[in-house]
Every structure is written in structure tokens, then in C-alpha cells.
K.L.:
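Take this structure first; my questions come after.
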Amino acid sequence: MIKGPNLDDTIVALATAYGKGAIAVIRLSGTKAIEIVNSCFKGKDLSKVDSHTVHYGFLMDKESIVDEVMVSLFKAPKSYTTEDIIEVSCHGSTYLQDKIVQLFIKQGARMADRGEFTLRAFLNGRVDLSQAEAVGDLINAESEKAKQVALSQMRGGFSKQIKVLREKLIHFASMVELELDFGEEDVEFADRGALSALITELQTSIHGLLNSFKLGNVIKHGVPTVIVGRPNAGKSTLLNALLQEDRAIVSDIPGTTRDTIEEVLHLEGLSFRFIDTAGIRESEDVIESAGIERTREKIDQAHVVIYLFDASTLSKEDFEADLAKLKSYDKPYLVLANKTDISSPEWLSDQALLAISAKAAEGMDEIKSNLLQLMELNNIDNNAIIISNNRHFQSLSNSAQALQDVVNAIELSISGDLLALDIRRALHSLGEITGEITPDDLLGEIFSNFCI
Ligand code: GDP
């Protein structure tokens with residue numbers, strides 16, 4: 001079991017973001033939460049009120065009023081942490097926020113560690129590990145899709161699927177382990193054919209989840225997008241035109257240098273992050289031979305490539321050479337014929353491309369809808385489980401590997417004890433995702449099924 005900080009303490013922390021606001025919320029969790037707030041609350045006696053109720057009153061520091069507040073009360077076990085929780089909504093000055101937190105600390109609360117409320121929810125068994133992680137993702141979600149993925153994980157869809165997979169496997173593990181107990185006697189409780197069939201089924205599910213990671217990752221972190229093209233094709237003009245209405249959200253991440261300022265385009269619940277825009281601004285030679293290495297590097301980092309060319313000057317032959325290179329990268333791409341306000345050659349009409357004018361900002365809506373289509377979001381069933389967490393990806397990969405070892409072992413008729421080891425490894429990796437304790441529940445299953 002993961003050892004957390006002392007669960008007997010009553011913890012306190014600011015639940016809203018630090019800074020000035022209309023109101024701020026300070027939250028306490030633990031056995032003394034009600035007593036601590038009650039000791040400095042002028043209003044109803046909080047030890048006597050019902051759970052899930054809100055109360056108006058004053059917070060007092062001895063005889064002086066600290067603030068006029070609303071107190072929400074959630075009694076154990078029906079609360080976020082399963083402990084008594086109190087949320088105090090106070091006026092949102094940073095001075096008051098600090099003062100009230102200090103007041104509660106003086107009354108016996110301890111400052112919570114980062115994420116400790118959610119950690120308690122996990123340690124107290126209200127959520128499993130992957131659900132707890134989803135809370136963090138939800139708080140950090142910056143687009144509609146990212147929110148959807150986090151919310152579905154938090155509600156337990158993913159955990160349920162992992163649980164189902166594990167339970168099926170545990171059954172076989174218990175059979176195989178039982179064979180070991182019989183040692184010399186040549187018994188086979190676990191039908192190898194059925195075990196192979198089950199493993200194929202598990203592998204299909206796991207590979208489905210593993211494949212969803214690529215998408216989950218871009219949903220969570222934004223789609224790395226790159227604009228490539230010859231010098232003066234209009235790359236930086238295009239970037240500006242695309243981001244024009246979106247200027248406000250071009251984020252300047254604190255603590256980073258000018259180079260890493262990210263330019264982000266938010267489209268229907270998905271963000272496209274333009275990478276290496278510094279390179280574009282310098283308008284360097286990216287498609288031509290000297291730039292090929294650099295282009296490859298950029299494209300390697302990207303999920304989607306936008307190729308732009310100057311349709312008023314580029315020859316059909318040069319265009320075709322660029323296009324052939326573009327295709328060789330094997331990434332979803334969009335081809336844009338720029339400067340069609342000047343002229344557009346006849347051969348353009350035979351090509352699968354969008355004719356635009358970056359300077360006149362013409363064709364931006366088409367570009368946006370084509371970018372979204374490239375992501376094939378419409379093909380994703382809304383109920384599909386998408387994984388977006390690195391740790392889950394690792395654990396799933398490990399369990400897929402262990403399952404493959406089981407398959408190989410069965411084919412080679414390897415003895416039960418080695419088989420049992422590989423099955424245990426697969427179970428362990430799956431169990432890591434939800435934070436379950438592997439050996440205990442494996443033993444529990446054996447014991448409950450076979451009291452011999
Ligand atoms: P980059 O080197 O690919 O980043 O190209 P720039 O964005 O710096 O553009 C090069 C030149 O082409 C600039 O003078 C732009 O104003 C001009 N330009 C870009 N897009 C268009 C367009 O759609 N039509 C016209 N007529 N000029 C454009």
C-alpha cells in the first residue's frame with residue numbers, strides 16, 4: 001500500500017487559485033474539520049447541522065470579525081475524501097485567504113500537501129489511482145476534448161475496463177497456481193486452449209487502448225503542428241492569419257524564453273500547437289536540400305504537417321518534387337496553394353489542395369475544417385476509452401509484453417510455474433494502473449474459489 005502522509009491530521013488549503021477574486025474557497029478535510037471551523041464560526045452550531053448544507057455566518061479571531069462567510073459542510077463518508085469536509089467561501093482578497101488559512105492552522109489544522117485531498121480520496125478508497133490522476137487532468141484540461149477524456153476517466157470507464165481484464169486473467173492465474181500445488185501429479189486445471197483464447201481477447205483490448213494513446217496524448221497536450229514550405233511561400237503570414245482571431249490565447253508560458261512561446265490555435269475542442277515558429281519567423285530554407293534534415297526533424301516532432309507554396313511562382317515540377325517528399329514523411333498533411341490572389345496556374349485545379357491567400361486571410365475557415373478532419377475525430381465513438389496518461393501507457397505496454405510471453409510459453413508447452421510468473425507480471429502491470437495490490441487479490445481469488 002502506498003504510504004501517505006498522516007491520515008489522522010485535519011488538512012487545510014486554499015481550493016481556488018491564489019490571487020484576488022470575488023470569492024475564494026478554503027477547504028478542510030479530516031476528523032477535526034467541523035470542530036476547527038466551529039471554534040471560530042459565529043452562526044449556527046456546525047456540529048449540529050445536517051451534511052450537505054450551507055451556512056451563513058462570521059469567522060472570528062477571538063473577539064474580532066475576520067470575514068463574513070458561507071460554510072458548506074459535507075460529513076463523512078459522503079464527501080470527496082470520504083472524511084468530514086468543510087469549504088469556507090470567503091471574500092477573495094489574498095490577505096483574507098492567508099489570514100483564514102492561518103486561523104485554521106492555529107486551531108489545529110495542518111497545511112495540506114499538493115494533491116493531498118485527492119490522495120486521501122484514493123487512500124480512503126473512494127477513487128482508484130487512474131481516477132485520481134484524471135482529477136489532475138481535468139483541472140489541467142484546456143480544450144473540450146481534453147476535458148471529455150479526463151471526465152470519462154474520472155468517472156471510471158477506463159478503470160472498469162482494466163478491472164474486467166484483470167478479473168478474467170486472475171481466474172486463470174488461480175487455476176495455473178493451483179496446478180503448482182499439486183506438484184508431481186500431472187494435472188492441468190487451466191485449459192491451455194481457453195487460456196490462449198482469453199489472452200488473444202485481452203491483447204486486442206490492450207492494443208486498442210495502447211493505440212488510443214497517440215490520440216489521447218494530442219488531445220491532452222495539443223496537436224503538434226508544423227508549417228513547412230520554401231522561403232517566402234507565406235508561412236509566417238499564414239500563421240498570423242490563422243491566429244488572428246485567436247491572438248488573446250497565444251500563451252506566453254511564464255519562466256520560459258521567447259523561443260518557447262507557443263502559438264496555439266483552438267478549434268472545436270482541440271488545440272493545435274504550432275511548433276518551431278521561431279524557425280518560420282526567420283523564414284529559413286526548409287524544404288530545399290540544405291534544409292531537408294531540419295525539415296525532417298521538425299516533421300518528426302509534428303503530428304500534422306501543413307505544406308504551403310507560392311502558387312504564383314512555383315513550377316509544377318518543383319511542386320511535385322516537394323509533394324513527393326512530403327508524402328515520404330508519412331504524416332497527415334494539408335497542402336495549401338498560397339498567393340492565389342496574384343495568380344493561380346491551370347495545373348492547380350488538378351491537385352488535391354486548398355487554394356488560399358494568406359495575405360488576404362482567404363481560405364482560413366477551410367484550413368481549419370481540414371485540420372480537424374485530418375484528426376479524424378468524427379470517427380471516434382464518444383464512448384470510446386482513450387488513454388492519455390504516460391504511466392498507463394507504460395503499464396499497458398508491460399502487460400502486453402507479459403501476455404505475449406504467456407502466449408509463447410503456451411506454444412512451447414512451458415511448465416506451469418513459468419507460465420504463472422508471466423501471468424503474474426501481466427496482472428501486476430494492469431494492477432499498477434488502478435493501484436490495486438496484486439498478490440493479495442490473487443490470493444483472495446484462489447482462496448475464495450478453492451477452499452481445499
Ligand atoms: P515565409 O518566408 O514563408 O514565412 O513567407 P512570409 O510570410 O514572410 O511571406 C513572404 C512574402 O509574401 C511577404 O511579403 C508576404 O506579404 C507575401 N505574402 C504572403 N502571403 C501572401 C498572399 O497570400 N498573397 C500575396 N500577394 N502575398 C503574400
Side-chain angles (χ1 to χ4, degrees), residues 223-252 257-265 267 272-329 331-371 374:
V223 185
T225 308
V226 71
I227 302 178
V228 296
R230 298 180 182 229
N232 286 321
K235 298 180 292 296
S236 86
T237 311
L238 172 71
L239 185 66
N240 285 331
L242 279 174
L243 297 177
Q244 204 132 59
E245 295 147 29
D246 240 9
R247 265 296 162 218
I249 52 82
V250 171
S251 56
D252 189 349
T257 62
R258 178 79 184 73
D259 286 353
T260 52
I261 289 179
E262 286 209 325
E263 313 206 54
V264 183
L265 178 66
L267 293 182
F272 290 82
R273 272 191 301 112
F274 287 95
I275 56 177
D276 196 28
T277 49
I280 292 179
R281 303 266 187 232
E282 286 153 22
S283 182
E284 53 186 319
D285 186 345
V286 285
I287 282 274
E288 281 168 334
S289 56
I292 284 183
E293 242 339 277
R294 283 221 40 158
T295 305
R296 172 160 277 296
E297 278 170 26
K298 278 187 182 196
I299 293 180
D300 278 347
Q301 295 168 38
H303 191 88
V304 167
V305 184
I306 297 177
Y307 164 68
L308 181 74
F309 68 97
D310 181 345
S312 67
T313 58
L314 196 72
S315 70
K316 189 178 179 203
E317 291 67 36
D318 283 345
F319 167 74
E320 282 170 347
D322 283 0
L323 195 63
K325 254 176 251 160
L326 187 64
K327 285 182 176 161
S328 72
Y329 295 120
K331 297 251 170 158
Y333 63 84
L334 203 59
V335 177
L336 305 178
N338 192 30
K339 307 198 191 181
T340 52
D341 56 306
I342 302 178
S343 67
S344 48
E346 290 245 314
W347 59 266
L348 275 194
S349 54
D350 304 332
Q351 311 289 333
L353 49 72
L354 289 177
I356 64 152
S357 167
K359 199 171 177 180
E362 269 164 29
M364 298 306 120
D365 288 344
E366 287 81 355
I367 296 175
K368 291 175 184 174
S369 66
N370 275 271
L371 273 177
L374 280 183

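Sequential numbering from 1 along the given sequence is applied to the chain's residues. Note that ligands are numbered from 1 as they come in the structure, with each ligand's atoms numbered from 1 the same way.
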K.L.:
Run the numbers for me: atoms of ligand 1, each under 4.0 Å from some heavy atom of I342, listed by number.
P.N.:
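Listed by number with element: 26 (N).
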K.L.:
With heavy atoms of S357 as the reference, note each atom of ligand 1 found under 4.0 Å away.
P.N.:
22 (C), 23 (O), 24 (N)
K.L.:
Could you tell me whether some N/O pair between G234 and ligand 1 is separated by less than 3.5 angstrom?
P.N.:
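Yes - when backbone and side-chain N and O of G234 are compared with those of ligand 1, one distance drops under 3.5 Å.
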K.L.:
May I ask you to identify, for N232, whether its side chain, its backbone, both or neither come under 4.0 Å of ligand 1 on a heavy-atom basis?
P.N.:
both
K.L.:
For N338 and L308, indicate whether the former's side chain and the latter's backbone hold a donor-acceptor pair under 3.5 Å.
P.N.:
no
K.L.:
Below 3.5 Å, N or O to N or O, backbone or side chain included: is there any such pair between A358 and ligand 1?
P.N.:
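Looking only at distances, the answer is yes, because the N/O contact criterion of under 3.5 Å is met.
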K.L.:
Relative to the ring of F309, is the ring of W347 parallel (under 30°), tilted (30 to 60°) or perpendicular (over 60°)?
P.N.:
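Parallel.
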K.L.:
Look at ligand 1 and say whether A233 reaches it with a heavy atom at a distance under 4.0 Å.
P.N.:
yes
K.L.:
How close do T340 and S357 get, counting heavy atoms only, and between which atoms?
P.N.:
OG1-N, 4.1 Å
K.L.:
Nearest non-hydrogen atom to atom 1 (P) of ligand 1 belongs to which of R230, E362, K235?
P.N.:
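Closest candidate by heavy-atom distance is K235.
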K.L.:
Measure the OG1-CZ distance between T225 and F272 for me, rounded to the nearest 0.5 Å.
P.N.:
5.5 Å
K.L.:
K339 pairs by side chain to side chain donor-acceptor pair (under 3.5 Å) with which of D310, N232, T237?
P.N.:
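For K339, the side chain to side chain donor-acceptor pair (under 3.5 Å) test succeeds with only one of D310, N232, T237, which is D310.
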K.L.:
Any side-chain to backbone donor/acceptor pair from K316 onto L348? Under 3.5 Å, distance only.
P.N.:
no
K.L.:
Which part of D341 is near ligand 1, with near meaning a heavy atom under 4.0 Å away: side chain, backbone, both or neither?
P.N.:
side chain
K.L.:
Is there a donor-acceptor pair under 3.5 Å between the side chain of K368 and the backbone N or O of L267?
P.N.:
no
K.L.:
Judged on heavy-atom distance to atom 19 (C) of ligand 1, which of T237, N240, L308 sits nearest?
P.N.:
T237
